[in-house]
Each structure stands twice: as structure tokens, then as C-alpha cells.
Amino acid sequence: MVRWTGRLSAAGLAGLLLAGTLAGCADRGDSPAADLGAPVAVTDAPTEAPLDEVTGEPTPSASAVESMGVAPSRTASPTTRPTKKPTGTTGSAPKPRAVAKPPSETKVPPAPPKPAPASCKPSYKGTQASRSAVKAALTDAAGRTYWPTSAPDIKIPLDLVKATAWQESGWQSNIYACDGGVGLMQVMSGTATWMNQRFEQSYDIDDYRDNAYLGANYLAWLTKYIGDMYFESDFRLDAALCTSELNSCLLNAVIAAYNYGHAAVAEEGEPLTIPNPSYVRNVRALMTECVCLTY
């Protein structure tokens, strides 16, 4: 989870709707064992991928491999479709603080790795999980309650989990990026180790179901970390709370930090920063327009 650059083209895999760049994951935080808490991108030019003779699922295509690490060629704008009225905390969401409070989470993930060479191609190990199996894993990960003791209101929307996995890997469970990102949520090894220690878990980064949990848990950790620092512990990840300014809402900040790392977005005494607007817009668009939402 946490990388500085982009990654694989989901569009090139199954005649997709949108595209972006791949980037990876790498952070997490502090709470009891029951509490739970990664990034890549996509390109465009959808191309129908060949189907595996056994599973009937799309197989990695040449265009998907070539797009690894390529920045989006077109910028998707955040959805303008009507969104549901915010739930959870009543009233409108607070505007982000001008400068951040000290973080409540003092145990943070390792720093992002250096970007891999653009010419490097991803590799594949083992059997790719079927689309239905991936959907079930992501749905289960999104259905969990994270931080049940200290922040019981934290919920990770299913459309955010699905869109992030699509942006990161095109829902390929067995893809390994050159910078170390693994699987569906492109979790970094260092991030997985840190997260397992932080939450007293034993998730296996190579198992697609555990990989989904790691990614969703990381999104939850970022929600707690940034929500405490800038949003007065209002943890709603609701698109209806966002304005045209990308740094206006927690949802955009969490998406940005999943890709660039928590330190690039939130820093004590500094304003909230969105260093990767294209990535944020891609994921926001995928949350409503991704073909993966129909699987």
C-alpha cells in the first residue's frame, strides 16, 4: 500500500470503463486486537482480454502489463451523480482544519519504497482467483467494523474497496508489481508486517482474502489517522461531503494517502494536502462508474 507512482491498467484486462495508474500500499496505526485497519492506478484504451480456459476469467493481457506504472492519459472527474445524504454523525461535516492536530496514532507504517523503473513488468504467481471469489472477499472486507472500541463509527464503503482494488490491480489476485506491491490491493510486504503487528493479526499477504482485509484495514487506519488530525474525528467517507476542492473531505484525503502514504497527505501543523489529484479523481470516478460494480 503506499507508493509514489502508479500501476497497472485494469481497463486493459476486461474491456473496462475507466483507467488510471498503479501505485501501492504501506501504512497503519494503534488499538486493540479486535480493531481492524494499501495503492496502484490504471490507464485507458479498454481492450477485451482473453479468457482463461479453466476459470473463464480474463487473463493478464499485454496491454495490462505494458500499462504498469503509466500515468493516466485522461483525467476522470469526481462523480456528479446524486449521492445519499450523509449518515452517521448528524449535521454537515466540519471543514478540514487549517493545520493538523497532533496525530492520535503514533505507530505508523514504514516509508514508501522507491519507484520501480517504468520499463519493469509485473509478474504473476499461482492461480488467479475468480471474479466471483474476489467480489466475495472484497464484500466481506468492506462489511467489517473497524476500530469497534475507539471509533465504532468507522465504515469502509464497499464501492471504495471495490474501486481501490480495481485501480490497484484490476482485481488480479496473483499480480506482483516491481516495487513490491502484492495482489488485489497491492499491499507492500512492510505494510503487511506492520499491520499484523499493530492489530495483532496474522494476515497472509499472498492470500487474496487476507489481502482484501489488509487493504480495507489500511483504509480504516487512514480514516482514523486523518480524521482525528483534520476532521474533528468525523469519520464519514461520504462523497456528498466533498466539494470541488479536493482537500475538502476525508474521503479524498484517504484515497490520496492510500496511494502516496499518510505522511504526504497529513502532517502535524500543516494543511491537508492532496499530492496526487489524478489518482483521487480516478478512484472517485470508479466508485460510481467502474464495470466492477456490476460483478
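FYI, the numbering just counts along the sequence from 1.
T243 contributes no side-chain N or O that, together with a main-chain N or O of S248, makes up a donor-acceptor pair within less than 3.5 Å. Q172 places a side-chain N or O within 3.5 Å of a backbone atom of S169 that can act as its donor or acceptor partner. No donor-acceptor distance shorter than 3.5 angstrom exists from the side chain of N252 to the backbone of N247, with no hydrogens or angles considered. A distance-only check finds a donor-acceptor pair linking the side chain of D210 to the backbone of D204 [under 3.5 Å]. Between the side chain of N276 and the main chain of Y279, no donor-acceptor pair closer than 3.5 Å is present. A donor-acceptor pair is defined here as one N or O able to donate and one able to accept, closer than 3.5 Å; no such pair exists between the side chain of T145 and the backbone of P148. Between the side chain of T294 and the main chain of V291, a donor-acceptor pair closer than 3.5 Å is present. One N or O on the side chain of W171 and one on the backbone of K162 form a donor-acceptor pair closer than 3.5 Å. Panel note: side chain E200, backbone Q197; no donor-acceptor pair is recorded below 3.5 Å. Side-chain N or O atoms of N211 include one that pairs as donor or acceptor with a backbone N or O of V182 at under 3.5 Å.
Both L138 and Y295 are members of a single hydrophobic cluster when ILVMFWY side chains are connected at heavy-atom separations under 4.5 Å. Residues L184 and L293 do not share a hydrophobic cluster, defined by chaining ILVMFWY side chains whose heavy atoms lie under 4.5 Å apart. Under the 4.5 Å side-chain heavy-atom criterion for grouping Ile, Leu, Val, Met, Phe, Trp and Tyr, M185 is not connected to L158 through any hydrophobic cluster.
In this structure, D206 has no salt bridge (Lys or Arg N to Asp or Glu O under 4.0 Å) partners at least two apart in sequence or on a different chain. The side-chain contact (heavy atoms from CB on, under 4.5 Å) search around K125 returns Y176, not counting sequence neighbours.
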Original post:
side-chain contact (heavy atoms from CB on, under 4.5 Å) between T273 and V265: does it pass, once the steps are laid out?
Top reply: CA-CA 5 Å; T273 303; V265 175; 5.6 Å; no
Subject >> side-chain contact (heavy atoms from CB on, under 4.5 Å) assessment of R144 paired with I156 >> reply: CA-CA 8 Å; R144 296 192 174 198; I156 307 303; over 6 Å; no
**OP:** Apply side-chain contact (heavy atoms from CB on, under 4.5 Å) to the pair Y230 and V99, showing each step before the final yes or no.
**Re:** CA-CA 7 Å; Y230 290 95; V99 295; over 6 Å; no
Original post:
After noting the C-alpha distance and the side-chain angles of K101 and D228, does the key distance pass the side-chain contact (heavy atoms from CB on, under 4.5 Å) rule?
Top reply: CA-CA 8 Å; K101 290 181 177 180; D228 283 343; over 6 Å; no
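Counting all heavy atoms, side chain and backbone alike, A116 lies closest to C178 at CB-CB, 3.5 Å. Between A137 and Y213, the shortest heavy-atom contact is O-CE2, 4.4 Å. Across every non-hydrogen atom of V161 and A216, the tightest pair is CG2-CB, 4.5 Å. Closest heavy-atom contact between A212 and A141: O-CB, 3.6 Å. Here the shortest heavy-atom pairing between M188 and P113 reads CE-CG, 3.2 Å. Residues A257 and Y218 come closest through the heavy atom pair O-OH, 3.6 Å.
Surrounding CD of E245 are at most 12 heavy atoms belonging to other residues, nucleotides or ligands under 6.0 Å away.
The distance from the CG atom of L272 to the CD atom of E267 is 12.0 Å, given to the nearest 0.5 Å. Atom OG1 of T223 sits about 8.5 Å away from atom CG of L251, to the nearest 0.5 Å. One distance of note links CG of L219 with NZ of K224; it measures 16.0 Å at 0.5 Å rounding. To the nearest 0.5 Å, atoms CG (L286) and SG (C292) are separated by 6.5 Å.
Within the 4.5 Å cutoff, no side-chain heavy atoms of L237 are placed close to those of K155. The closest side-chain heavy-atom distance from I226 to L250 is below 4.5 Å. Counting heavy atoms from C-beta outward, I255 and L160 have side chains that approach closer than 4.5 Å. Annotation: side chain of F231 is not in contact with side chain of R97 (no heavy-atom distance under 4.5 Å). You'll find the side chain of H262 reaches within 4.5 Å of the side chain of V108, heavy atoms only.
Taking the six-membered ring where the residue is Trp, F199 and W147 present perpendicular rings, their angle passing 60° and hence far from 30°.
Residue pairs meeting the disulfide bond (SG atoms under 2.5 Å apart) criterion with at least one member in residues 200-242, sequence neighbours excluded, are C242-C249.
A donor-acceptor pair shorter than 3.5 Å cannot be found between the side chains of Y208 and N174.
Taking 4.0 Å as the cut-off between side-chain N and carboxylate O, R236 and D238 do not count as a salt-bridged pair.
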